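Here's the structure we're looking at; comments come further down.
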Number of protein chains: 2
Amino acid sequence: MADPRGDIPELDTIVALRLRQVGQRLTPRRRSLLQILRSAIRPLTIHEILDRGSELAMSSAYRNLTVLEHAGVVNRVITKEDFGRYELAEELTEHHHHLVCSSCGLVRDLLPDVDAERLLNVAMRRAIEQGFAPATHRLDIVGLCADCAAREPA
Amino acid sequence: MADPRGDIPELDTIVALRLRQVGQRLTPRRRSLLQILRSAIRPLTIHEILDRGSELAMSSAYRNLTVLEHAGVVNRVITKEDFGRYELAEELTEHHHHLVCSSCGLVRDLLPDVDAERLLNVAMRRAIEQGFAPATHRLDIVGLCADCAAREPA
DNA sequence: GACGATAATGGGAGTGGTTCTCATCGTCAA
DNA sequence: TTGACGATGAGAACCACTCCCATTATCGTC
């Protein structure tokens, strides 16, 4: 029922707290960046962000996204494309995976199911055995989106 | 017993075939690139490749890695670092996942286990339900490597 | 083995995403 | 109001990567 990207009343409060913990403030620019990311249904590129954000300098966008990422409220998503995409951190939305189209570069969110996540813990445990301290994971399903699959019969 | 990165007698044969299928040849440069990747225990950056490959121009390295990737024998790995890493395609080694250190950027291979793969099949099936045609997947376990964990008590 | 067509190579210039610099502006406390 | 300090924005700088093109190697054919 509740859309995970919908209203999170205390989002500002949470974000302000996180920022304060790393010695940063919640400025108007940062608030509008979060607003833009919150209303998106997929990770956005810098240009998509600038298009939606009025009066936002590119340098400020990059700088603030980095600050927000460091504060743990924004996540930089990496794909096969040669530029980054940004989304709200999972803790502020929901843990999810990505569908990545290898043809057109489209990235779409995919909510995982409970059973799948449980299985993943096994992989985490094996990481620990190797001296690694796992914090989270990234799962991308790579293939062709519906549009590209229709276009490429191969 | 058998090290997955060890000798694969017909590697050249397989690679030559794959290249021919996309209208390319197995040249000395490409052979040496494969040799370098084969002897590595983790995905290599361009600079690591150039350091190990004598007399290899950067433009040729990039061009040939792209050709090899297109032929399906090399895989470009993306991390949080702002440059790519290359490894032999899974079909020539073994399907595996990556441990990615969020602090120092280290990438290490992790052989998957049956349960983890089962999870992925679940995720793939759900991708199909959404009109997506999955071809492969990427699973990264993100956290702190042993060295960074020791350095950062947090 | 020589020749010609075609592809591969390598150096350097070009491209574009991202970061850095710094002068200016805004914010907050006193 | 003032002063200190952080945030902002415009553009320069940076760097991974790609493109261009003259040179060189490869392969089939005579």
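Please read all numbers here as calculations on a predicted model, not as lab measurements. Note on naming: letters A, B, ... go to the chains in the order of the sequence lines (proteins, then strands), and numbering restarts at 1 for each one.
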Going by atom types alone, do A/N64 and A/R29 pair a side-chain donor with an acceptor below 3.5 Å?
->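 Side-chain D/A pair, A/N64 to A/R29: absent.
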Compute whether any side-chain donor of one residue and acceptor of the other, for B/R18 and B/Q24, lie under 3.5 angstrom apart.
->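 Distance-only check fails for B/R18 and B/Q24.
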Nucleic acid contacts - residues 62-70 of chain A versus DNA chain D, non-hydrogen atoms under 4.0 Å |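 Those residues are A/R63, A/N64.
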Residues within residues 20-27 of chain A bordering DNA chain D, heavy-atom distance below 4.0 Å =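 Listed by number, they are A/Q24, A/R25, A/T27.
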Residue closer to the 5' end of DNA chain D, B/D82 versus B/P28 (nearest nucleotide) |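 Final value for this comparison: B/D82.
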A/R108 (side chain) donor-acceptor with B/Q130 (main chain) under 3.5 angstrom =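 Checking the backbone N and O of B/Q130 against the side chain of A/R108, a donor-acceptor pair under 3.5 Å is found.
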Please step through salt bridge (Lys or Arg N to Asp or Glu O under 4.0 Å) for the pair A/E69 and B/K80, ending with a clear verdict.
-> CA-CA 12 Å; A/E69 186 186 18; B/K80 280 216 180 280; 3.8 Å; yes
Out of [options], which nucleotide sits closest to the side chain of [X]?
{"X": "A/H47", "options": "D/dA10, C/dG17, D/dA16", "result": "C/dG17"}
{"X": "A/S59", "options": "C/dT18, D/dA16, D/dG11", "result": "D/dG11"}
{"X": "A/L56", "options": "C/dG10, C/dT18, D/dG9", "result": "D/dG9"}

Salt-bridge present (B/E48, B/R42; N to O < 4.0 Å) =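 Counted as a salt bridge, because a side-chain N and a carboxylate O are separated by less than 4.0 Å.
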Taking a hydrophobic cluster as the set of Ile, Leu, Val, Met, Phe, Trp and Tyr residues connected by side-chain heavy atoms closer than 4.5 Å, whether directly or through intermediates, do B/L17 and B/V67 fall within one such cluster?
->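 B/L17 and B/V67: separate clusters.
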Evaluation steps, salt bridge (Lys or Arg N to Asp or Glu O under 4.0 Å), between A/R31 and A/D12 = CA-CA 8 Å; A/R31 206 185 299 266; A/D12 278 4; 2.7 Å; yes
